[in-house]
S.K.: 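One structure, as structure tokens, below. Some questions next.
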Amino acid sequence: MIPMAILFSGEGTNLQALIDAVHQRRIYAEIRCVISNKPQAHGLDRARAAGIETLVIGDTDRTAREEKTLAALQEHNVELVCLAGYMRVLSEIIVGPYLGRILNIHPSLLPAYRGANTHRRVLEAGEKHHGCSVHFVTVDLDEGPLIIQASVPVHLDDTERALALRVLEQEHLILPLAVQWYCDGLLHMQDGAVYLRGERLDEPLIYEAGP
Ligand code: GRF
């Protein structure tokens, strides 16, 4: 059983999707703790309701925040770190010791639209498609090797909220799937590349909803 920690900053619906997947035994992991940089994050209530230890590490100084976060991860013998809506960029302090063991969900079809406010930027650009990506985390923001993506259509009358919700639905499917692959020993990062079942993925898998 893989000891896992989940880092987040807000509502925590991706966190909830992971909690549910672990509870339903789809993910063979134990969530040792969740860590938020925001004391008011609703995800903290979700974790408490599931009986999971919660930590708030919100130092504005990045080095202090990351050193405390690393200490908490090591204290809980965490192997896999999931960033589920964690709005802070990780530096070498955490990525160094955890390279190849940090997964992130990003609300765009990377490498397009790295960074924040992806839904608004996609609407402003008049894109026809949008989506989300799960990747291994490196020190370069949203640049890590891609694992899996899901695409959604952009409707002409889409508001930012409507588009965000459509993407979020897909996030809740692909993040637990990638975590499941990792916990089943099927997913690895090696020399900057992604391997699934021993096969190198030069392109991310595209998630297709089941029949
Ligand atoms: C998600 O869209 C995630 O991709 C982005 O922030 C949002 C977090 O949503 N980084 P939630 O907190 O998981 O509901």
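Nothing here was measured: the structure is a model prediction, and the numbers come from that model. Both counts, for ligands and for their atoms, begin at 1 and track the order of listing.
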S.K.: Determine whether Glu127 and Leu109 make a side-chain contact, defined as any pair of heavy atoms from C-beta on separated by less than 4.5 Å.
M.R.: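 Side chain of Glu127 against side chain of Leu109, heavy atoms only: no contact under 4.5 Å found.
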
S.K.: Between Glu11 and Arg46, does at least one N-O distance fall below 4.0 Å, as a salt bridge requires?
M.R.: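 Judged by the 4.0 Å cut-off on N to carboxylate O distance, Glu11 and Arg46 do form a salt bridge.
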
S.K.: Which option out of Val167, Thr13, Ile6, Leu83 puts a heavy atom nearest to atom 11 (P) of ligand 1?
M.R.: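 It is Thr13 whose heavy atom sits nearest to atom 11 (P) of ligand 1.
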
S.K.: So, regarding Glu171 and ligand 1 (criterion: nitrogen or oxygen to nitrogen or oxygen, under 3.5 Å), is there a contact or not?
M.R.: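 Right, the criterion is met.
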
S.K.: Give a yes or no answer on whether the side chain of Asn117 reaches the backbone of Arg120 with a donor-acceptor pair at less than 3.5 Å.
M.R.: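 Judged by distance alone, no pair lies under 3.5 Å.
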
S.K.: For ligand 1, which atoms have a heavy atom of Ile105 less than 4.0 angstrom away?
M.R.: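 Reading through ligand 1 atom by atom, the close ones are 4 (O).
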
S.K.: Backbone N or O of Thr118 within a donor-acceptor pair of the Ser108 side chain at under 3.5 Å?
M.R.: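 Looks like no, no N/O pair under 3.5 Å.
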
S.K.: Less than 3.5 Å between some nitrogen or oxygen of Asn14 and one of ligand 1, yes or no?
M.R.: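 By distance alone, the answer is yes.
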
S.K.: Given Ser36, Gly85, Ser9, Gly12, identify the one with the heavy atom nearest to atom 6 (O) of ligand 1.
M.R.: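 Minimum heavy-atom distance to atom 6 (O) of ligand 1 goes to Gly85.
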
S.K.: Looking at Leu110, is its backbone amide N or carbonyl O close enough to the side chain of Gln149 to form a donor-acceptor pair, meaning the two atoms are under 3.5 Å apart?
M.R.: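 Flag set: sc Gln149 to bb Leu110 pair under 3.5 Å.
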
